[in-house]
Novice: 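Structure below; questions to follow.
One-based numbering, in listed order, for ligands and for the atoms of each.
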Amino acid sequence: MRSVCILGTGYVGLVTGACLAEMGNRVTCVDIDARRIRSLQAGEVPFCEPGLNELVQRNIVSKRLSFSSEYSVGISGADVIFLCLPTPSSPSGAADTRILRSAVESLAPLISPPYPVIVNKSTAPVGTCSLLKRLLQKNNLGLHSVQVVSNPEFLREGSAISDFMHPDRVVIGAQDSAAAASIESLYAPLDTTVLITDWKTSEMIKYASNAYLATKISFVNEVANVCELVGADVSQVTAGMGLDRRIGSSFLRPGVGYGGSCFPKDVLALTHVAVMHNMHPRLLRAVMEVNADQAKRVLHKLKGQLGDLDGALIGVWGIAYKPDTDDIREAPAIEIIRLLEQEGARVRAYDPVAMPKAAPNLPDVTMCSDAYDAAVGADAVLLLTEWKEFESVDLHRVAASMSTPILIDGRNVIDQAKAESAGFRYTGVGRGTSTVAGFGRQERMQRAS
Ligand code: UDX
């Protein structure tokens, strides 16, 4: 059992702290936001993450997990300090490490031998661990022997606990093998591969992983756009691609583009690192360009159906940047709604959980009680987040309530044939016109058995 301090109680900090507590460690999570700490001490998690409320409450009761707004409280007695702090994009596109640096300058005077290992879990540019080590030494000369370790996170919102407890890999970047072993032992209860590298390599693995995933998404969106022009069906195209083990079937879902607090920021940050080293990151720039255009394509499709949008009433299903979260950061839906309003359209929107966070950002949007309410009287409905509940909406009821039954399905959630039989003019993403689709006899027999 180790004594762990977590600085930062956002998605990464809180999930890391609660999971390490669940694994038997004594964990103190620290945040300068006293209000957030008070709600956490009451077992209330300030954002939607499936299972996290229960995990936090269970570990508060078992006294393995506690919260404080005082660094000194969290750090005292800790043998590991995790930095789980925001590194937002700065105007230049570089990751802004000010919060990270100021946290290290605050903690340096508070630690004494035997020093805790300082673990950076925040997504930060290559070279950050070296910078943090220098800051520690500058702020507490005796800190030559303090160890800094990079341990990037690979958590997806909506499945963060499962991703922590069942990781594909744990990456540890260190200069000292004892420090690496100390952090590796924290993850010993997990059945996974631990990759130990130097600092820079670990920091680069995080950026390269996110940039590659974003590239996969922009690639499949561009393929979908070509499919629309030639009449191929992208869902069959990606099924055919995914059967190639070198490609794999995951992360090949076309849609309205990626959002969230990571992909946009991390692709931009990696682009900035390349430019700072006099390299022209053509592919990364194209990934961002395709992504920005993908949201705008929804407007083109809508105008193709309705013509001028001035005065149109549009229903929007889904605001969060992905299902199973209330996070609206960089959500394509926010951008699309803003474009609709710029064209003079009025918007009614529904999201199962993200409306409280979205409403202050969308003051002119009518927030609705359900998908049916958002469609009443609408000239068109846009499906922008693939919430499961949208798969079972009564399409006949929706079509009958609309002014014109137009459905732009930005995430290919709705069955086109069902939509059309309910009276909709249906447009998806990269949906072809093929009626013959499926697997060959051999595969059918295997799947049937
Ligand atoms: C991502 C990375 O997956 C995770 O490893 C990293 O630690 C943080 O960033 P997250 O942003 O939570 O996680 O969600 P993810 O499920 O990766 O989706 C990111 C965006 O890509 C969402 O907007 C989603 O809608 C979009 N997406 C994802 C697609 O458009 N198509 C896909 O096939 C998959």
Novice: Geometry only, no angles: is Phe263 polar-contacting ligand 1 at N/O separations under 3.5 Å?
Specialist: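 No; the residue has no nitrogen or oxygen that sits under 3.5 Å from a nitrogen or oxygen of the ligand.
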
Novice: Within the 4.0 Å heavy-atom shell around Cys262, which atoms of ligand 1 are there?
Specialist: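 Near Cys262, the atoms of ligand 1 are 8 (C), 9 (O).
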
Novice: May I ask you to identify, for Leu155, whether its side chain, its backbone, both or neither come under 4.0 Å of ligand 1 on a heavy-atom basis?
Specialist: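 It is the backbone that touches ligand 1; the side chain stays farther off.
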
Novice: Which pair of non-hydrogen atoms, one from Ser261 and one from Glu157, has the smallest distance, and what is that distance?
Specialist: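 In terms of heavy atoms, the two residues are closest at OG-OE2, 3.7 Å.
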
Novice: Under 4.0 Å from a heavy atom of Phe154: give me the atoms of ligand 1 that qualify, with their elements.
Specialist: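 Answer, ordered by atom number: 5 (O), 7 (O).
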
Novice: Under a plain distance cut-off of 3.5 Å, with no hydrogens placed, do Thr427 and Gln305 share a side-chain donor-acceptor pair?
Specialist: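 The criterion, which ignores hydrogens and geometry beyond distance, is satisfied for Thr427 and Gln305.
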
Novice: Going by the order shown, which atoms of ligand 1 are within less than 4.0 Å of some heavy atom of Glu153?
Specialist: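 The atoms of ligand 1 under 4.0 Å from a heavy atom of Glu153 are 7 (O).
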
Novice: As a check for students: among Arg253, Glu157, Lys265, identify the option with a heavy atom nearest to atom 12 (O) of ligand 1.
Specialist: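 Closest candidate by heavy-atom distance is Glu157.
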
Novice: Counting from 1, what ligand 1 atoms have a heavy atom of Leu252 closer than 4.0 Å?
Specialist: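 Per the distance check, 33 (O).
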
Novice: Please list, in number order, the atoms of ligand 1 under 4.0 Å from a heavy atom of Lys206.
Specialist: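 The list of qualifying atoms is 6 (C), 7 (O).
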
Novice: When you measure from atom 26 (C) of ligand 1 to every protein heavy atom, which one gives the shortest distance, and what is it?
Specialist: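 Its nearest protein heavy-atom neighbour is Ile217 CD1, 3.8 Å.
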
Novice: Please determine whether the number of non-hydrogen atoms from other residues, nucleotides or ligands lying under 6.0 Å from atom NE2 of His280 exceeds 12.
Specialist: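 Yes, enclosed.
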
Novice: Would you check whether Arg411 reaches within less than 4.0 Å of ligand 1, judged by its heavy atoms?
Specialist: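 Per 4.0 Å heavy-atom rule, Arg411 contacts ligand 1.
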
Novice: Which residue holds the protein heavy atom closest to atom 17 (O) of ligand 1, what is that atom called, and what is the gap in Å?
Specialist: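 So the nearest neighbour among protein heavy atoms is Phe251 CZ, 3.2 Å.
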
Novice: Would you say ligand 1 has an N or O under 3.5 Å from any N or O of Gly259?
Specialist: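 The answer is yes, given that Gly259 and ligand 1 share an N or O pair closer than 3.5 Å.
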
Novice: Under 4.0 Å from any heavy atom of Lys322, which atoms of ligand 1 are there?
Specialist: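 Answer, ordered by atom number: 12 (O), 14 (O), 15 (P), 16 (O).
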
Novice: How far is atom 3 (O) of ligand 1 from its nearest protein heavy atom, and which residue and atom is that?
Specialist: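 Here the nearest protein heavy atom works out to Arg156 CG, 3.3 Å.
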
Novice: Compute whether any side-chain donor of one residue and acceptor of the other, for Ser66 and Thr28, lie under 3.5 angstrom apart.
Specialist: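 Distance-only check passes for Ser66 and Thr28.
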
Novice: Would the number of heavy atoms belonging to other residues, nucleotides or ligands and lying under 6.0 Å from OH of Tyr212 be above 12?
Specialist: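 Incorrect, the count does not exceed 12.
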
Novice: Looking only at side-chain N and O atoms, does Ser39 offer a donor or acceptor that is under 3.5 Å from a partner on Arg35?
Specialist: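 Judged by distance alone, the side chains do not pair up.
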
Novice: Give a yes or no on whether Ile32 atom CD1 has more than 12 heavy-atom contacts from other residues, nucleotides or ligands under 6.0 Å away.
Specialist: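 No, the 6.0 Å shell around CD1 holds no more than 12 heavy atoms from other groups.
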
Novice: Answer yes or no: are there more than 12 heavy-atom neighbours, outside Asp191 itself, under 6.0 Å from its atom CG?
Specialist: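 No, not enclosed.
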
Novice: Strictly by modelled atom types, are Tyr350 and Asp373 linked by a side-chain donor-acceptor pair under 3.5 Å?
Specialist: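 Note: Tyr350 and Asp373 side chains miss the donor-acceptor criterion.
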
Novice: Any N or O on Tyr321 sitting closer than 3.5 Å to an N or O of ligand 1?
Specialist: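 Tyr321 vs ligand 1: N/O contact under 3.5 Å present.
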
Novice: Counting only N and O atoms by type, is there a donor-acceptor contact under 3.5 Å from the side chain of Lys216 to the main-chain atoms of Leu252?
Specialist: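 No; zero donor-acceptor contacts below 3.5 Å.
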
Novice: Starting from atom 20 (C) of ligand 1, which protein heavy atom do you reach first, and at what distance in Å?
Specialist: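 Atom 20 (C) of ligand 1 sits closest to the protein heavy atom Tyr258 CB, 3.7 Å.
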
